[in-house]
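All remarks here apply to the structure that follows.
All figures in this text were calculated on a predicted structure; none of them were measured in a lab. What's counted below: heavy atoms across the whole structure, side chains too, no hydrogens, waters or symmetry copies.
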There are 2 protein chains.
Amino acid sequence: MPRPRSLTLTQIAAAALAVVDRDGLAAVSMRTVAGELGMGTMSLYRYVSDRSQLEELVVDLVLRAVDLHVPRGGPAKRLGVLADRVRVAVSGHPGVVPLLLTHRHRSPSSRRWGETVLAVLTDAGLTGEQRVIAFRTILGYVFGALQVAHFGPLSGPGTAALAALPPEEFPILAETAADAATIPPEEEFRRGFAIVLRGLGL
Amino acid sequence: MPRPRSLTLTQIAAAALAVVDRDGLAAVSMRTVAGELGMGTMSLYRYVSDRSQLEELVVDLVLRAVDLHVPRGGPAKRLGVLADRVRVAVSGHPGVVPLLLTHRHRSPSSRRWGETVLAVLTDAGLTGEQRVIAFRTILGYVFGALQVAHFGPLSGPGTAALAALPPEEFPILAETAADAATIPPEEEFRRGFAIVLRGLGL
DNA sequence: TTCGTAAGCGTACACCTTACGCCTACGAAG
DNA sequence: CTTCGTAGGCGTAAGGTGTACGCTTACGAA
């Protein structure tokens, strides 16, 4: 009966994500996103109640791109693939990393990914406290690795910045930064996750 | 010759931290922090160039409280203690977690902690790429665990919220949330870190 | 006592989120 | 085909934010 919606929440999220990718996270505001959609600022509030909810939508859109089909193979293989898919999805939108870190917990896609990971863990024979610890360790590593990859002292622009530090105060850090420069990000992520998996006995 | 400074950067950071602890991160602004110090808004800019730099100061203040004396024991014991000290320091100021995640890489205290961890790893016989991966995995876990502990679906308020979810879509997540409720945060952190250490062969 | 330097602050501006109320597009009912 | 109720879209405005600029003033050294 009433007038139908002209936009979906996904379209709104896509517009916000476009602004992030093009002009950076700092450029995101209710005005710029509304402008991206060709509508007035206040019209956005017909769809989202809040700026925070808009950010949530963006996070969910990025995480929705993660394929949740569990590949064939042992638990280690399965978990490795699931984790790496998150890395890939996020690496395509580096600007949203700060948003991911603070809004991930409210994203349905994030929860679905968690459910999938838990299914693999359960399938591998884990239950009770063991499963809780394993799950939280994996979660911690995956999002911690994303944090480190984008804000870390040994990755991306951080590595170069670190090399310029006083080597007398940070001798090993400087040396390690030099070593780190030769390892591509995916390899770092995968080898780090392999360590976690080994610790889990999978 | 000129008029001396009346405040130190540490005092500024402490004032900002006090605002965070009392009124939450959202309450932090140049005005409120200046008010906390009993000075005008613009006076703050004599000390920091930026809001971002103010946040950096807060992060560094929190991390400065981490004791960097390496305890006696094997590498696992040493790293476990160093990691847990970060957890303790941060858990006293939950409001700064989002700041930690985004500004950690510019904090000198954070770098000093990293140098200390690297020294332990070196002492344990790690070098080259192996050391890079080990370091980044530890870094990823520690800050990832902080992220998860404060924004996670299985911790703090998140656990209860999750239990209220549709169990038909997230059956294992709901079950795991119930299991998680009985494990105290320090134990989760320590056992998760133990998994990482085991994976590292330490 | 005088003077130069930098501390501290008042004002102002651009921009942000968002509350409120008007106009209008639309689909269903008559 | 007309009418009407609902909700979509937007203009305006208020309150809060970061910060540029320039004035006043406290202080230490000469």
Side-chain angles (χ1 to χ4, degrees), chain A residues 1-61 95-96 98-99 101-103 106, chain B residues 1-61 95-96 98-103 106-107:
Chain A
M1 178 142 64
R3 178 175 175 181
R5 313 228 90 168
S6 49
L7 262 49
T8 65
L9 289 181
T10 300
Q11 288 175 290
I12 308 242
L17 184 55
V19 174
V20 174
D21 289 341
R22 179 169 14 94
D23 305 319
L25 183 56
V28 172
S29 77
M30 298 305 272
R31 278 193 234 280
T32 55
V33 173
E36 182 81 13
L37 290 163
M39 62 193 329
T41 307
M42 293 312 293
S43 308
L44 255 189
Y45 284 89
R46 289 276 173 184
Y47 296 87
V48 296
S49 66
D50 227 50
R51 170 186 232 269
S52 163
Q53 205 188 341
L54 176 66
E55 295 176 348
E56 225 173 291
L57 254 40
V58 175
V59 169
D60 195 67
L61 179 63
V96 302
L99 260 39
L101 296 173
T102 51
H103 292 304
R106 266 176 261 154
Chain B
M1 176 143 65
R3 180 174 173 181
R5 313 228 90 169
S6 51
L7 260 48
T8 65
L9 288 181
T10 300
Q11 287 175 292
I12 307 241
L17 184 56
V19 174
V20 175
D21 289 341
R22 179 167 17 92
D23 305 319
L25 183 56
V28 171
S29 77
M30 299 304 275
R31 284 187 229 280
T32 55
V33 173
E36 182 80 15
L37 290 164
M39 61 194 328
T41 307
M42 294 314 292
S43 309
L44 257 188
Y45 284 89
R46 290 278 171 185
Y47 295 87
V48 297
S49 67
D50 226 50
R51 171 186 227 265
S52 163
Q53 204 188 343
L54 176 66
E55 295 176 347
E56 227 174 289
L57 254 40
V58 174
V59 169
D60 195 67
L61 179 64
V96 302
L99 262 40
L100 268 169
L101 296 172
T102 51
H103 292 305
R106 264 176 261 155
S107 155

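The CG atom of B:Leu44 sits 11 Å away from the P atom of D:dT19 (whole-angstrom rounding). The distance between atom CE of A:Met42 and atom C1' of D:dG8, rounded to the nearest whole Å, is 13 Å. In this structure, B:Leu54 atom CG and D:dG18 atom C1' are separated by 12 Å, rounded to whole Å. Nucleotide D:dA20 holds its C1' atom 10 Å from the OH atom of B:Tyr45, rounded to whole Å. Between A:Glu55 atom CD and C:dC16 atom P there is a gap of 14 Å when expressed in whole angstrom units. Between the CZ atom of A:Arg5 and the P atom of C:dT24 there is a distance of 21 Å, given to the nearest Å. Note: CZ (A:Arg51) to C1' (D:dT17) measures 12 Å, nearest angstrom.
Side-chain nitrogen and oxygen atoms of B:Tyr47 include none within less than 4.0 Å of the OP1 or OP2 phosphate oxygen of C:dA7. Not one side-chain nitrogen or oxygen of B:Ser43 sits closer than 4.0 Å to the OP1 or OP2 atom of C:dA7.
The heavy-atom pair separating A:Leu44 from A:Ala34 by the smallest distance is CD1-N, 3.9 Å. Closest of all the heavy-atom pairs between B:Gln11 and B:Leu37 is O-CD2, 4.0 Å.
No donor-acceptor distance shorter than 3.5 angstrom exists from the side chain of B:Tyr47 to the backbone of B:Thr8, with no hydrogens or angles considered. Distance alone, capped at 3.5 Å, places no donor-acceptor pair between the A:Arg46 side chain and the A:Arg5 backbone. Here the side chain of A:Thr32 pairs a donor or acceptor atom with the backbone of A:Ala27 at under 3.5 angstrom. For the pair B:Ser49 (side chain) and B:Tyr45 (backbone), a donor-acceptor distance under 3.5 Å is absent.
A side chain to side chain contact (heavy atoms under 4.5 Å, CB included) with B:Ser107 is found for exactly one of B:Leu100, B:Val59, B:Val58, B:Leu57, namely B:Val59.
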Strictly under 4.0 angstrom, non-hydrogen atoms only: write out the protein contact profile of nucleotides 22-30 of chain D, one letter per nucleotide from the 5' end, B, S or -. ----BSBS-

Just list the side-chain donor-acceptor pairs under 3.5 Å for residues 17-25 of chain A, sequence neighbours left out, or say none.
residue	atom	partner	partner atom	Å
A:Asp21	OD1	A:His93	ND1	3.1
A:Asp21	OD2	A:His93	ND1	2.7
A:Arg22	NH2	A:Glu36	OE1	2.5
A:Arg22	NH2	A:Glu36	OE2	2.9

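Judged purely by distance below 3.5 Å, without hydrogens or angles, the side chains of A:His103 and A:Glu56 never pair a donor atom with an acceptor atom.
For DNA chain D, the residues of residues 15-39 of chain B within the heavy-atom distance limit of 4.0 Å (strictly under) are B:Ser29, B:Met30, B:Arg31, sorted by number.
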